[in-house]
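The next block holds one structure in the form of structure tokens; read it before the comments.
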Amino acid sequence: ATADQWRNRTIYQVLTDRFATSDNSSPRCNTTAAQYCGGTWRGIINRIDYIKDLGFDAIWISPVNANIEGNTAYGEAYHGYWSQDLNSLNPHFGNASDLRELSDELHRRDMLLMVDVVVNHMASAINPPNFAAFQPFSSSSFFHPQCYVTDYNNQSNVEQCWLGDSNLSLVDLNTENQVVVDTLNNWIKALAVNYTIDGIRIDTVKHIRKDFWTGFAQAAGVFTLGEVWSENTTYVADYTQVVDGVLDYPTWFSLVPAFSNTTGNITDLAVKVWDSQARYRTGEFLVGSFLDNHDNPRFMSFVKDHALIRNAMAWPFVQDGIPILYQGQEQSFTGGRDPLNREAMWLSGYVEQKALVTDVKLYNAARRAAMAHNADFLKTAAKLYAVSQHTVAVSKPPLLALLSNLGNTSTPNWNVPGAGYKPGETLVDVLTCNKVVADDKGGVLVTGKAGNPQILLPVTALDPKGRMCSN
Ligand code: ABC
Ligand code: CA
């Protein structure tokens with residue numbers, strides 16, 4: 001699928017080994033041990049309707065190709081990022097027909113499939129690596145000479161040295177070699193076609209020269225979302241020219257501290273938004289916005305205030321870009337650093353009668369209602385009002401999100417004289433179904449309760465037969 005077919009989506013991030021099992025069983029899963037726990041593509045098929053019910057219309061799954069086998073200093077390759085053979089599938093996750101069936105079952109439900117892909121490196125738990133074990137790059141001539149990434153301010157060190165360490169090397173492919181480039185391009189093209197993949201999440205994008213990505217993205221022929229791990233908007237912006245979209249790490253670096261406690265600063269977050277609006281490839285809004293992922297401690301591992309959690313979780317759904325939710329956040333998982341943040345979802349029972357599950361459903365529903373009401377919703381840059389250390393009002397007409405970091409005992413205020421509604425128009429906070437009436441200039445002045453966020457939509461944007469505040 002194209003970038004245009006992804007812009008209106010919301011993505012649920014699945015860690016394949018930890019999402020669901022083929023026989024719906026619930027094996028033990030000790031995150032610290034970092035071993036395969038038994039999740040499969042067939043398991044995902046079993047639980048697609050849970051994801052769809054939450055309101056998502058796309059999933060992102062772990063890398064699919066064969067990894068190194070056996071235990072290492074950092075456990076097994078259950079996450080899928082330790083590639084050994086690009087031409088075989090990871091047998092722990094299933095076989096080719098399982099993966100095809102997953103793709104078909106998603107498409108039957110109008111959902112899209114995004115697959116994570118790793119082309120920067122192959123992995124080795126022995127040093128020096130046994131190059132003959134890599135497929136199709138079975139000789140040292142296809143790799144950069146050994147040196148580890150040590151200096152993140154030195155771009156050639158970042159691009160041409162190896163990630164990992166001598167216990168577990170991420171052996172760096174020589175992407176300056178034309179044979180390597182052509183082989184990778186042919187590989188991604190075939191992968192996307194063979195399994196009817198709709199988009200790819202590209203790993204370690206900043207570790208390969210930018211002009212490699214133009215050809216790779218073209219060969220893939222589908223939407224490309226790149227991981228460029230950096231808090232620097234200017235640094236990340238360059239990559240928005242070579243792939244369709246990037247994970248919005250710069251905003252994430254300010255989002256987390258803004259809502260982590262009642263002394264956080266929302267102004268810093270606003271500055272990141274203005275900065276990225278000015279620098280990223282304009283008019284596209286294809287950044288992937290997220291609060292949690294599989295690489296960082298979960299937000300709920302260090303924030304316990306329910307109001308702060310709800311405000312932070314709302315953010316990715318109301319800002320510019322494609323919202324991404326990492327599995328387990330809606331189930332209040334609290335895992336800390338990798339590997340603790342990779343809990344097995346089956347331990348949650350996939351229960352839907354939970355406050356945060358309800359919130360996520362409403363965030364998705366509100367976004368869908370906003371899209372239906374305003375054809376330009378997705379391409380209208382968010383305007384931020386009432387920006388202060390403790391408050392922000394995010395306006396993407398017809399939606400107005402009122403957020404604060406004052407916590408669950410506070411009564412925040414938002415004064416948005418320029419909200420742009422019709423004079424006297426009735427709005428509804430979809431989280432509570434409370435009504436707010438715009439003043440005679442279309443502005444709103446709202447006092448919140450218990451530090452909670454509010455997601456306002458005009459009553460006219462709500463489907464009277466829909467799930468949101470219908471009576
Ligand atoms: C394993 C263990 C860990 C152990 C680690 C050494 O080895 O699980 O417990 O600590 C995969 C697995 C991981 C595994 C790694 C390494 O491989 O999932 O479990 O860790 O073997 C992607 C994926 C990620 C994946 C890989 C490798 C890449 O999302 O899941 O990991 O295929 C860098 C890369 C980034 C990569 C990330 C893990 O490492 O750039 O692509 N993610 C700095 C750098 C970043 C760096 C980041 C984390 O640290 O700028 O480039 O990301 O190491 C701020 C600065 C930031 C700075 C942070 C730390 O501090 O502003 O720039 O980020 O103040
Ligand atoms: Ca590299």
Side-chain angles (χ1 to χ4, degrees), residues 7-10 55 266-267 269-270 273-274 277 283 285 289 307 310-323 358-388 390-406 410-471:
R7 186 178 288 104
N8 61 359
R9 302 282 165 157
T10 64
I266 293 180
T267 307
L269 174 62
V273 171
W274 293 323
Q277 286 180 343
F285 306 107
S289 47
R310 296 184 81 196
N311 278 277
M313 277 182 71
W315 174 267
F317 292 87
V318 299
Q319 75 149 332
D320 299 334
I322 303 173
T358 304
D359 278 0
V360 167
K361 288 181 181 178
L362 290 171
Y363 298 150
N364 274 320
R367 193 178 155 84
R368 207 160 274 141
M371 287 190 298
H373 195 73
N374 174 6
D376 295 327
F377 173 77
L378 295 166
K379 289 208 166 190
T380 307
K383 283 204 184 109
L384 307 184
Y385 299 102
V387 175
S388 74
H390 296 299
T391 56
V392 64
V394 187
S395 164
K396 264 174 106 71
L399 192 145
L400 184 70
L402 307 177
L403 306 179
S404 86
N405 63 4
L406 287 162
S410 69
T411 48
N413 280 293
W414 298 269
N415 184 7
V416 192
Y421 293 108
K422 296 194 191 100
E425 189 166 9
T426 303
L427 315 173
V428 178
D429 168 22
V430 304
L431 299 177
T432 58
C433 300
N434 287 340
K435 294 196 164 99
V436 171
V437 179
D439 65 26
D440 57 8
K441 300 206 169 58
V444 297
L445 176 59
V446 177
T447 299
K449 277 207 188 95
N452 285 317
Q454 299 198 16
I455 309 282
L456 302 181
L457 281 173
V459 263
T460 53
L462 300 179
D463 175 357
K465 293 187 294 284
R467 274 201 249 188
M468 276 187 302
C469 306
S470 51
N471 36 29

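Keep in mind that the numbers below use all heavy atoms, side chains included, and drop hydrogens, waters and symmetry copies.
- The distance from the OG1 atom of Thr380 to the CG atom of Leu399 is 11.5 Å, given to the nearest 0.5 Å.
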### Task
Tell me, with the steps shown, if Lys435 and Val459 meet side chain to side chain contact (heavy atoms under 4.5 Å, CB included).
CA-CA 9 Å; Lys435 294 196 164 99; Val459 263; 4.2 Å; yes

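- You'll find the side chain of Asp463 stays beyond 4.5 Å of the side chain of Met468, heavy atoms only.
- Rounding to the nearest 0.5 angstrom, the gap separating the CD1 atom in Ile266 from the CG atom in Asn311 is 7.0 Å.
- Scanning both residues, Gln277 and Ala382, for their nearest heavy atoms gives NE2-O, 3.0 Å.
- Pro398 approaches Pro458 most closely through the heavy-atom pair O-CD, 3.3 Å.
- The distance from the CG atom of Leu456 to the CG atom of Leu431 is 9.0 Å, given to the nearest 0.5 Å.
- Applying the salt bridge (charged side-chain N to carboxylate O under 4.0 Å, His left out) criterion to Lys383, with sequence neighbours excluded, gives no partner residue.
- Once rounded to the nearest 0.5 Å, the distance linking CG of Leu403 with CE of Met313 reads 13.0 Å.
- In this structure, OG in Ser388 is found 11.5 Å from CG in Asn415, a value given to the nearest 0.5 Å.
- For Lys379, the NZ atom counts as densely surrounded, since its 6.0 Å shell holds more than 12 non-hydrogen atoms of other residues, nucleotides or ligands.
- The heavy-atom pair separating Leu427 from Val444 by the smallest distance is CD1-CG1, 3.5 Å.
- Not counting sequence neighbours, the partners of Asn405 by the side-chain hydrogen bond (donor to acceptor under 3.5 Å, both in side chains) test are His390.
- Listed by chain and residue number, nothing satisfies the ring-ring contact (aromatic ring centres under 6.0 Å, His included) test with Tyr421 (two or more places apart in sequence, or in another chain).
- Side-chain atoms of Leu269 and Trp315, non-hydrogen and from C-beta on, do get closer than 4.5 Å to each other.
- From Trp274, atom CH2 reaches atom CG of Leu384 across 5.5 Å, with rounding to the nearest 0.5 Å.
- Closest approach of Gly442 to Ala419, counting heavy atoms only: O-CB, 3.6 Å.
- Here Ser410 pairs with nothing under the side-chain hydrogen bond (donor to acceptor under 3.5 Å, both in side chains) rule; sequence neighbours left out.
- Among all heavy-atom pairs drawn from Ala393 and Leu402, the shortest one is CB-CD2, 3.6 Å.
- Residues Leu457 and Val428 form no side-chain contact, since every pair of their non-hydrogen atoms from C-beta on lies 4.5 Å or further apart.
- Looking at every heavy atom in both residues, Thr391 comes nearest to Ser404 through CG2-CB, 4.1 Å.
- Arg7 pairs by the salt bridge (charged side-chain N to carboxylate O under 4.0 Å, His left out) definition with Asp4, Glu284, not counting sequence neighbours.
- Of the possible polar contacts, none joining the Lys396 side chain to the Val318 backbone as a donor-acceptor pair under 3.5 Å is found.
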Check residues 364-375 and write down every donor-acceptor pair under 3.5 Å in which the side-chain atom is one partner and the other belongs to a residue at least two apart or another chain.
from	atom 1	to	atom 2	distance (Å)
Asn364	OD1	Thr10	OG1	2.9
Asn364	ND2	Leu54	O	2.9
Arg367	NH2	Gly321	O	3.3
Arg368	NH2	Gly55	O	2.9
Arg368	NH2	Asp57	OD2	3.3
Asn374	OD1	Asp376	N	2.8
Asn374	ND2	Pro397	O	2.9

